[in-house]
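Notes follow once the structure below has been shown.
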Amino acid sequence: MKNFFKEAKGHLMTGIGYMLPLIIGASLVVAIPKIIALFMGITSLDPYVDGTGFLHILKLIENVGWTGIGLINTVLAGFIAYSIADKPAIGAGLIGGALASDTQAGFLGAVIAAFIAGYTVKWAKKHIHLPESMQTMMPLVILPFLATGIVAIIMGAILADPLAAINNWLVDWLSAMSKSGTSQLIMALTLGAMIASDMGGPINKSAWMAGNVLLAEGIYQPNVFINCAICIPPLAYAIATVIRKKRFSASFRETGKGNWVMGFIGITEGAIPFTLVKPQVLIPINMLGGAIGTAVTCLLGAKGEIPPVGGIYGFVSVTNGWAYLIGILVGAIIIAVLATIFVDFNQNTDNVSEDVDINEIELSFEDVE
């Protein structure tokens with residue numbers, strides 16, 4: 001069972017990995033026309049859906065982005081199924097994801113449909129044996145038909161209404177939490193601390209995955225906090241190597257140059273070499289900076305009204321993007337100042353804490369959004 005859940009997590013991460021380019025591309029196509037309109041003093045392009053002219057063109061472009069966002073569950077389910085059982089499962093997975101959106105079964109329904117499609121094909125490959133002359137029918141006819149039929153029966157006829165009820169309840173509850181001042185602040189503090197805690201590890205990934213689950217349901221605010229927190233640790237150590245050079249060895253100062261890029265793009269792993277010098281001190285500092293930075297972003301009113309894009313440049317997809325930038329900067333400065341007060345980085349990476357084996361750290365770029 002443990003191996004199954006580990007395998008299932010891998011399939012889910014594959015689906016999310018294929019979904020991310022869709023989210024990023026579609027979000028930017030929504031965000032850029034909105035920004036252009038704001039510079040023209042127009043807060044909404046909806047009145048220009050009909051007619052002609054430049055604003056009408058902007059609205060048509062924005063609609064293309066929303067079309068892409070509407071495909072999130074479809075793409076997610078299709079590629080989870082593909083990860084499980086290859087090409088014969090992808091069609092049933094795509095259908096299941098689209099069905100989940102149509103029936104309001106949402107992210108949960110898309111994931112269930114994907115696993116039904118994928119494991120149906122996997123089971124059929126193992127247990128259905130046709131004569132040699134009919135083998136070519138298996139991947140093109142038998143497996144897709146069987147998987148789609150099972151998805152239709154289970155998702156279309158049996159689970160559609162119960163999953164829709166569960167999903168709508170969850171969405172309403174989380175939407176209310178995202179709009180409530182106190183609850184939203186607690187969410188920001190929690191997500192910020194989790195993202196900055198192990199920089200690509202299981203705690204970071206749990207928060208990141210939760211954000212993507214909510215994003216697929218049209219709840220975008222948590223991802224504003226997650227994207228903010230992802231940028232803070234690498235940017236913090238880049239800043240630290242500039243404002244307090246004497247606290248860093250030449251090799252760390254050189255590493256700090258790369259962290260400007262990692263902070264800008266949003267790769268928390270850039271902070272790992274610095275944190276390993278004294279993790280028992282620096283991990284709490286990283287978490288403090290991440291939590292306070294996201295809290296500042298929350299309190300200043302950064303809003304996720306469309307799917308937010310990760311990285312510092314993601315401010316273009318956030319309402320009150322200046323609040324997003326200030327939160328990142330505040331969190332990074334807190335870490336930069338406290339880290340250099342309590343830790344001297346004038347040592348080689350060979351002397352990192354004996355409690356942590358640097359070779360056991362698994363670098364992952366899956367939290368780039």
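The figures here come from the full heavy-atom set of this structure, side chains too, leaving out hydrogens, waters and symmetry mates.
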Under 4.5 Å between any side-chain heavy atoms of R253 and K257, yes or no?
no

Is a salt bridge present between K122 and E7, judged by a nitrogen-to-oxygen distance below 4.0 Å?
yes

Compare every heavy atom of A113 with every heavy atom of M155, then report the nearest pair and how far apart it is.
CG-CB, 3.8 Å

Residues I226 and A207: closest non-hydrogen pair is CD1-O, 3.3 Å

Looking just at side-chain N and O atoms, do N73 and S101 make a donor-acceptor pair shorter than 3.5 Å?
yes

Which ring-ring contact (aromatic ring centres under 6.0 Å, His included) pairs, counting each pair once, include a residue from residues 32-67, with sequence neighbours left out?
none

Output, in order, the C-alpha distance, side-chain angles, deciding distance and verdict of ring-ring contact (aromatic ring centres under 6.0 Å, His included) for Y119 and F4.
CA-CA 12 Å; Y119 280 104; F4 171 78; 5.8 Å; yes

What closest approach, in Å, do G156 and L99 show between heavy atoms, and which atom pair accounts for it?
N-CD2, 3.7 Å

Sidechain-backbone polar pair: Q221 side chain, G304 backbone, donor-acceptor under 3.5 Å
yes

Where does the angle between the aromatic ring planes of F248 and F274 fall among parallel (under 30°), tilted (30 to 60°) and perpendicular (over 60°)?
perpendicular

Which residue pairs satisfy the side-chain hydrogen bond (donor to acceptor under 3.5 Å, both in side chains) criterion with at least one member in residues 79-95, sequence neighbours excluded?
H11-S83

W322: which residues meet the ring-ring contact (aromatic ring centres under 6.0 Å, His included) condition with it, sequence neighbours left out?
none

